[in-house]
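Here, residue 1 is the first one in the sequence, and each next residue gets the next number. Note that the structure is predicted; figures quoted are calculated from it, not measured.
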Amino acid sequence: MSVEIKLSRSNRIYRPNELVEGKIVTKLSSSISHQGIRLNVNASVNLQVRGGSAGVIESFYGVIKPITILKKTVEVLNSGGISSGTTEIPFSFWLKDPGEKPLENFYETYHGGDISIQYLASVDISRGYLHKSLSATVEFIIESKKENLPEKPISPEMVIFYMTQDTQRHSLLPELKSGGFRVSGKVCTLCSLSDPIEGELTVESSAVPIQSIEIHLLRLESILVGEKIATESSLIQTTQIADGDVCRGMTLPIYIILPRLLTCPSVFAGPFSIEFKVTLVITFQSEQLKVHSKSNFKTLKSWHAAESIPLELIRTK
């Protein structure tokens, strides 16, 4: 015996003011009786504070009470029976009923490190005390209302950056500190989620050969815990811009595709916030690199140079 929820939209993307439709599909070897079929729709912002989060004492570590966005039950069928074989039972519900005041803002779906925003539909087929209930869950994706979104194209906001041995706050290789280097470029700081992050960079000079150039896409998740704010940064993805020593004076393009669900519009809510930034990391050739090949994005070594730039993500029509 199995039960499955199939939504009418294959991409499972909905807006807060839309109707969600689908089918509950059962596959049974023999007919069964039931005491009713219910569809539970739940959405929440799930928060957790991990050990080591800045600004939070140890007693606050752990899971914090979720913020409820949506909670409703849909009676699909009254008590009755389901015949053997495959049966499709249609259902529908409004995410936001006309005139209904939502419990919380409909934040976009987001799967983060310490913060996740999920919208789930669960079916429960109750069969009484002597039989185990049949159940299934499906996640659907919420995006912002179209009428609230800015038109495309948005005006690009680019920031010009430059990196030298003097802009680095950590210790550098002696030959890098004395010989110096200079890398300049520009990168987008306001980006639509449906567009790539674009920009360019140029290695103007470097006394030490370059091993690689990468761009880290990072999320900064902040949670209000009591009177303190716990902030944690984590790596979403790494994109390599160059491999090996780079020709001096050559302009290299920056083109980064944003991953779905792992990013969302930048959020600044009362209990939490979700922000993003890009960090340009240059790795220089060094004998020490062969010994210490693995490195944490939070800890820069003497053969690294980095520059971080805030990134605001928005949803557009």
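With salt bridges taken as basic N to acidic carboxylate O contacts below 4.0 Å, one links Arg38 and Glu75. Residues Glu139 and Arg12 are not paired through a salt bridge, judged by the lack of any N-O separation under 4.0 Å between the basic side chain and the carboxylate.
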- Query: After noting the C-alpha distance and the side-chain angles of Asp245 and Arg248, does the key distance pass the salt bridge (Lys or Arg N to Asp or Glu O under 4.0 Å) rule?
  - Reply: CA-CA 9 Å; Asp245 202 14; Arg248 309 300 184 253; 3.0 Å; yes

- Task: Would you please test Ser212 and Asp243 for side-chain hydrogen bond (donor to acceptor under 3.5 Å, both in side chains) and show each step?
- Result: CA-CA 5 Å; Ser212 68; Asp243 182 21; 5.8 Å; no

- Message: Pair Glu108, Arg315 - check salt bridge (Lys or Arg N to Asp or Glu O under 4.0 Å), show working.
- Response: CA-CA 10 Å; Glu108 290 205 12; Arg315 177 76 62 189; 2.6 Å; yes

- Task: Kindly determine whether Val187 and Val159 satisfy side-chain contact (heavy atoms from CB on, under 4.5 Å), including the steps that lead there.
- Result: CA-CA 6 Å; Val187 69; Val159 64; 3.9 Å; yes

- Task: Would you check, one step at a time, whether the test side-chain hydrogen bond (donor to acceptor under 3.5 Å, both in side chains) holds for Ser135 with Ser133?
- Result: CA-CA 6 Å; Ser135 60; Ser133 297; over 6 Å; no

- Task: Apply side-chain hydrogen bond (donor to acceptor under 3.5 Å, both in side chains) to the pair Ser234 and Arg219, showing each step before the final yes or no.
- Result: CA-CA 6 Å; Ser234 55; Arg219 58 190 161 217; 2.7 Å; yes

- Message: Checking Glu312 against Lys277 for the salt bridge (Lys or Arg N to Asp or Glu O under 4.0 Å) test, could you report, in this order, the C-alpha distance in whole Å, the side-chain angles of both residues, the deciding distance, and whether it holds?
- Response: CA-CA 8 Å; Glu312 182 181 356; Lys277 69 177 180 179; over 6 Å; no

- Query: Where do Ile213 and Val281 land on the side-chain contact (heavy atoms from CB on, under 4.5 Å) test, with the steps shown first?
  - Reply: CA-CA 6 Å; Ile213 301 177; Val281 179; over 6 Å; no

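Considering CG of Leu120 and CZ of Phe140, their distance stands at 7.5 Å, rounded to 0.5 Å.
At least one donor-acceptor pair closer than 3.5 Å links the side chain of Ser206 to the backbone N or O of Val208. Between the side chain of Glu18 and the main chain of Arg15, a donor-acceptor pair closer than 3.5 Å is present.
For Tyr119 and Tyr107, the ring centers are positioned 6.0 Å apart or more.
Linking ILVMFWY residues whenever their side-chain heavy atoms come closer than 4.5 Å, directly or via other members, leaves Ile141 and Trp94 in distinct clusters.
At a cut-off of 3.5 Å, with distance as the only test, a side-chain donor of Glu221 or Tyr110 sits close to an acceptor on the other residue. Defined by atom type and a distance below 3.5 Å, a donor-acceptor pair is present between the side-chain atoms of Ser308 and Thr279. Side chains of Gln118 and Thr109: a donor-acceptor N/O pair is absent below 3.5 angstrom, by distance only.
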